[in-house]
Protein chains: 2
Amino acid sequence: MLFHFKDKFPQLAPYWDKYLEFQKRIEVPAKTVLLEEGKISGQYIFVEKGCIRAALNNNGVDKTIQFFFEKEGLTSLQSFLKNTPSLFTIETIEPSIIYLLPKVYVNKLMAELSGEPGFLNIILAVFAERQLHYMHEFVSFIRDTPEQRYQNLLNERPHIIQRVPQHYIASYLGVTTVHLSRIKSKIAKGQSHF
Amino acid sequence: MLFHFKDKFPQLAPYWDKYLEFQKRIEVPAKTVLLEEGKISGQYIFVEKGCIRAALNNNGVDKTIQFFFEKEGLTSLQSFLKNTPSLFTIETIEPSIIYLLPKVYVNKLMAELSGEPGFLNIILAVFAERQLHYMHEFVSFIRDTPEQRYQNLLNERPHIIQRVPQHYIASYLGVTTVHLSRIKSKIAKGQSHF
DNA sequence: TAAACTTGGTAACATATGTTATCGTCTGCC
DNA sequence: GGCAGACGATAACATATGTTACCAAGTTTA
């Protein structure tokens, strides 16, 4: 969960280089499944180029729950830490270049890093960020309407709307593709009343 | 963020005792505000007895986002760590007995603990749990209907339904009190068809 | 003890959102 | 070049959910 912070925390860079040889670089087309729902996650995923989504199958309906882009790392945390079946699938949206680091090396890396001064603060910052991210997503569902969540996406993470097919965004916002279309057309009409 | 794990991780117990003298014990009635939305969190909150909610004001509408009970600890993490205005209010639901530990002591405690062997694993486990909690809440909004979320509450955390007034639960589920009443009566009808 | 407040149920109506179906465009592929 | 599938817009109708209003039973408080 650390490599995507190597720019933010320069003291991690040597470790990145050291573990580079254990990472498997793969170049894959769109819609390649990197981790299947129900399987156990055995590796950490780092996005060099392209774009990825996490999704789950709910009674035959595909629901996207998160997007990842260049320089971001991910895994199914719960599956990775607890060796339990992953609750979601991880698959590419665009043709992508991915680095995979097997779990054994992640564990070795963590053990090495635990001696690094200041590492505790780094790991706390990383985990706190993730926790706050999910909390904000969750609060947004309690507080905002789907239209407001779409506006938030537009304002705060427009790259998602630009790069990701709309039907993935719809389920991520908690609505159907039909309703997301309605939201967009409503916003477009509103803007034309200038 | 640690004291509520002192039972789970016995090696923390001595620190709990050591810092007990810096904790302020207060006994407060229901609806006592412990942290106001917009203010900066300066202390960690531990629930000895009673029950607490986190909530925010959205255009005059009160929305509950989380509940806490005996032996749980909490704070506005983002406000506490970053010294930014809290996004939510923390207030008691029932008359409660609360322990408050000022931030300076939390920091001291963290510094001391960082030398404890195995502490890294503990803190990672604690943060991972919280992260997964919020992720599950968030995924539930994408995947489930309000009725399903109410059923989940009934099955997984019935104590919430038993102890907390229904209008708090309604906003927590993302619906109005009227609709939660409908959900309950629908479920009751379903069950009576035996 | 009476008034005020809190809590929760229900009805009637309004709005938001889902479902199903149809159409058009684009893109990859053979 | 054409065909199949992916993607997105829209309409018509069905269902879910919100809004407002009213009622009733506790509970707190003056």
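Quick note: numbers below take in every heavy atom, side chains included, and nothing from hydrogens, waters or symmetry partners. Numbers restart at 1 for each chain; the letters A, B, ... are given by sequence-line order, proteins then strands.
Here C/dT17 presents its C1' atom at 16 Å from CD1 of B/Ile142, a figure rounded to the nearest Å. Protein atom CD of A/Gln162 is 14 Å distant from nucleotide atom P of D/dG8, rounded to whole Å. Here the P atom of nucleotide C/dG18 and the NZ atom of A/Lys63 are 8 Å apart, to the nearest Å. Atoms CD1 (A/Ile183) and P (C/dT15) sit 17 Å apart, rounded to a whole Å. The separation between B/Lys186 atom NZ and D/dT15 atom P is 12 Å, rounded to whole Å. In this entry the distance linking CG of A/Asp62 with P of D/dC7 reads 11 Å, nearest Å. Distance, A/Tyr150 OH to C/dT17 C1': 17 Å, rounded to whole Å. Put simply, CZ on A/Arg53 is 13 Å from P on D/dA6, counting in whole angstrom units.
Contact annotation: B/His167 side-chain N/O to C/dG8 OP1/OP2 distance is under 4.0 Å. Under 4.0 angstrom from either OP1 or OP2 of D/dA16 there lies no side-chain N or O belonging to B/His179. OP1 or OP2 of D/dG18 has at least one side-chain nitrogen or oxygen of B/Thr176 nearer than 4.0 Å. Taking side-chain N and O atoms only, A/Lys184 has no distance below 4.0 Å to OP1 or OP2 of D/dG8. Listed pair B/Gln166 / C/dG9 meets the phosphate criterion, a side-chain N or O lying under 4.0 Å from OP1 or OP2.
If you check every strand for non-hydrogen atoms under 4.0 Å, A/Ser185 touches sugar and phosphate atoms only. Among the heavy atoms of the strands lying under 4.0 Å from B/Val175 are primed sugar atoms or P, OP1, OP2 only; no base atom is included.
A salt bridge does not link B/Glu91 with B/Lys31: every distance from a Lys NZ or Arg NE/NH1/NH2 to an Asp or Glu carboxylate oxygen is 4.0 Å or more. Salt bridge A/Glu112/A/Lys18: present, at least one basic N to carboxylate O contact under 4.0 Å. A salt bridge links B/Lys82 with A/Glu129: at least one charged nitrogen is closer than 4.0 Å to a carboxylate oxygen.
Closest approach of A/Gly50 to A/Arg163, counting heavy atoms only: O-NH2, 3.2 Å. Of all the heavy atoms in A/Tyr19 and A/Leu109, the pair that sits closest is OH-N, 3.3 Å.
Residues B/Arg182 and B/Lys31 each lie close to DNA chain C; by heavy-atom proximity, the contact nearer the 5' end of the strand is made by B/Lys31.
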